[in-house]
**Q** 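Pasting a structure below so you can have a look.
Below, chains carry the letters A, B, ... as their sequence lines are ordered, and counting in each starts from 1.
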Number of protein chains: 2
Amino acid sequence: MSSTIDLLRTSGVKVTPGRVRVYEALAAAAQPLSHADLEARLPDADRVTLYRVLDTLVVCGLAMKAVDARGVFRFSASGAQSEHRRHAHFRCTDCGRVFCLKDAPPPPPKLPRGFRLADAEYDLRGTCANCARAHHK
Amino acid sequence: MSSTIDLLRTSGVKVTPGRVRVYEALAAAAQPLSHADLEARLPDADRVTLYRVLDTLVVCGLAMKAVDARGVFRFSASGAQSEHRRHAHFRCTDCGRVFCLKDAPPPPPKLPRGFRLADAEYDLRGTCANCARAHHK
DNA sequence: CAATATTTGCAACACTGTTGCATTTGCAAC
DNA sequence: GTTGCAAATGCAACAGTGTTGCAAATATTG
C-alpha cells in the first residue's frame, strides 16, 4: 500500500506534516470537505496554510475542487490518477461531489477550420442519488 | 405584450421601481448576472436592497439562481437562458475567448440510477484559429 | 386620503478566500 | 551530520460576497 508520504513525493511536492494530515483527512472523509470542515477536523492548522495546502493538493492532482450549492468550495481526495481529463463528470449541485462516469466519452463535435483541440470536458450537473432522495425526505 | 409590471403583479409581489429595474436588467442580459454585475448596471441601487430584490424574484419564480465556477451566485430571468445551456463551448487557452459551437452537443451518457440531470456542458479547450496561426510565426 | 404591511436604505456584521512578509522547515548537496 | 536555499508556514491585514436589525419610506387596499 502506498503511504500518503509516497503519494506526495511522487506528485512532486515537498512532504510536510500539514499536507499529510490534510490529504489523509480528505481521503478519510465520505463527502467532499469544505475549508470549514477541515478546520474542525484539524484544529491546530492555520487558516491560511490550510487554504494553501488545499491549493497545492489540487494543483498536483491529489485533490479535486468543486463548488457546492451554497457557493462554498469543497475538496476531495482524488487518488492520484490524473486521467481525469478525457471522461465525463457528473457534479452534484447539492453536495458538490464529483462522480466519474465510466461510459465512453462522446466524440467531440467538429471544430471550425484552424482550431486545435487540446482538452475536452463533458460536465454534467444535477442531483446525485443521495441528495435527490434526501430532498423529498 | 406583458410588461414587467404585469409580470410582477401576476407573481403576487408588490411592484416597486427597484424590482422592475432589476428584472429588466436580468431579462436584457445575454448571460446570467452576478450581484456585482447588477450593481454596475444599476449604480443607484442599494447593495442590500439588490440582494433582497434578487431573492424576491427567485422566490416568486421570475428569476433563477445558480452558482458559477468561482462560487458566486448568478441570476437570470426565468425563461431566458435555457437556450445557452445545451450547446458546446470552445475556450481558447491562449486568448481566452469563448466560441459557441453551433453543432448539436452529443447526447449525455447514461447516469447511474437515482441521478437527475439538470444541465450539461461540453467544454472544449485548445487553440483558436487566430492564435494557432500566430503561434508558428 | 388614511391605515398598514412591505420594502427600502443604512450600518454593522459574518463568512470565505487572498496577499504580503518575516520566520521556519524540507531536502538536497556537501 | 552540517549547511544553503527555495519552499512552506504563521500571522496580520485586507477584499469580496452575502446577511441581519432597525428606522424611515412606500405600495397597496379600502
**Q** State the CG-CZ distance between Leu57(A) and Arg52(A), to the nearest 0.5 angstrom.
**A** 14.0 Å

**Q** Just compare dA7(D), dT17(D), dT6(C) and give me whichever is closest to any side-chain atom of Lys14(B).
**A** dT6(C)

**Q** Can you tell me if the side-chain N/O atoms of Arg52(B) get under 4.0 Å from OP1 or OP2 in dG18(D)?
**A** no

**Q** Rounded to the Å, how far apart are Ile5(A) CD1 and dC27(C) C1'?
**A** 13 Å

**Q** Without decimals, in angstroms, what is the distance between Leu54(A) CG and dT9(D) C1'?
**A** 14 Å

**Q** Can you check whether His35(B) and Phe73(B) have ring centres sitting under 6.0 Å from each other?
**A**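 No; Phe73(B) has its ring centre 6.0 Å or more from that of His35(B).
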
**Q** Please report the C-alpha distance between Lys65(A) and Leu54(A) in whole Å, then the side-chain angles of each, then the deciding distance to 0.1 Å, and finally whether the side-chain contact (heavy atoms from CB on, under 4.5 Å) criterion is met.
**A** CA-CA 9 Å; Lys65(A) 184 180 188 177; Leu54(A) 287 169; over 6 Å; no

**Q** Can you tell me if the side-chain N/O atoms of Tyr51(A) get under 4.0 Å from OP1 or OP2 in dT18(C)?
**A** no

**Q** Using whole Å, what does the distance between atom C1' of nucleotide dA15(D) and atom NE2 of His35(B) come to?
**A** 15 Å

**Q** Once rounded to the nearest 0.5 Å, what's the spacing between atom OH of Tyr23(A) and atom OG1 of Thr4(A)?
**A**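 Rounded to the nearest 0.5 Å, the OH-OG1 separation comes out at 6.5 Å.
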
**Q** Would you say a side-chain N or O of Thr16(B) is under 4.0 Å from OP1 or OP2 of dT7(C)?
**A** no

**Q** Using heavy-atom distances to pick each residue's nearest nucleotide on DNA chain D, tell me which of Pro17(A) and Ala36(B) is more 5'.
**A** Pro17(A)

**Q** In whole Å, I'd like the distance from the NZ atom of Lys65(A) to the C1' atom of dG17(C).
**A** 9 Å

**Q** Say you draw a straight line from CG of Asp68(A) to CZ of Arg74(A); how long is it, rounded to the nearest 0.5 Å?
**A**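 Separation between the atoms: 5.0 Å.
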
**Q** Quick one: look up who dT19(D) pairs with, Watson-Crick or G-U, both distances under 3.5 Å, and put none if it's unpaired.
**A**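 Its partner is dA12(C) (Watson-Crick or G-U wobble, both distances under 3.5 Å).
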
**Q** Distance check: side-chain N/O of Arg19(A) vs OP1/OP2 of dA8(D), anything under 4.0 Å?
**A** yes

**Q** Atom CG of Asp6(A) to atom P of dC27(C): distance rounded to whole Å?
**A**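 After rounding, the gap between these two atoms is 12 Å.
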
**Q** What nucleotide, of dG10(D), dT28(D), dT19(C), holds the atom closest to the side chain of Thr49(A)?
**A**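 Among dG10(D), dT28(D), dT19(C), the one nearest the side chain of Thr49(A) is dG10(D).
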
**Q** Can you tell me the distance, in whole Å, between the CG atom of Asp68(B) and the P atom of dG16(D)?
**A** 16 Å

**Q** NA contact type, Val53(A), heavy-atom cut-off 4.0 Å: base, sugar-phosphate, or nothing?
**A** sugar-phosphate

**Q** Which nucleotide, dG26(C), dT19(D), dG10(D), lies nearest any side-chain atom of Arg47(B)?
**A**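 Of dG26(C), dT19(D), dG10(D), dT19(D) is nearest to the side chain of Arg47(B).
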
**Q** By nearest atom, which of the nucleotides dC11(D), dT16(C), dG9(C) is closest to the Asp46(A) side chain?
**A** dC11(D)

**Q** How close or far is atom P of dT6(C) from atom CG of Asp55(B), stated in whole angstroms?
**A**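 The answer, rounded to whole Å, is 16 Å.
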
**Q** Expressed in angstrom and rounded to an integer, what is the separation of Glu39(A) atom CD from dA14(C) atom P?
**A**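 Computing the Glu39(A):CD to dA14(C):P distance gives 16 Å.
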
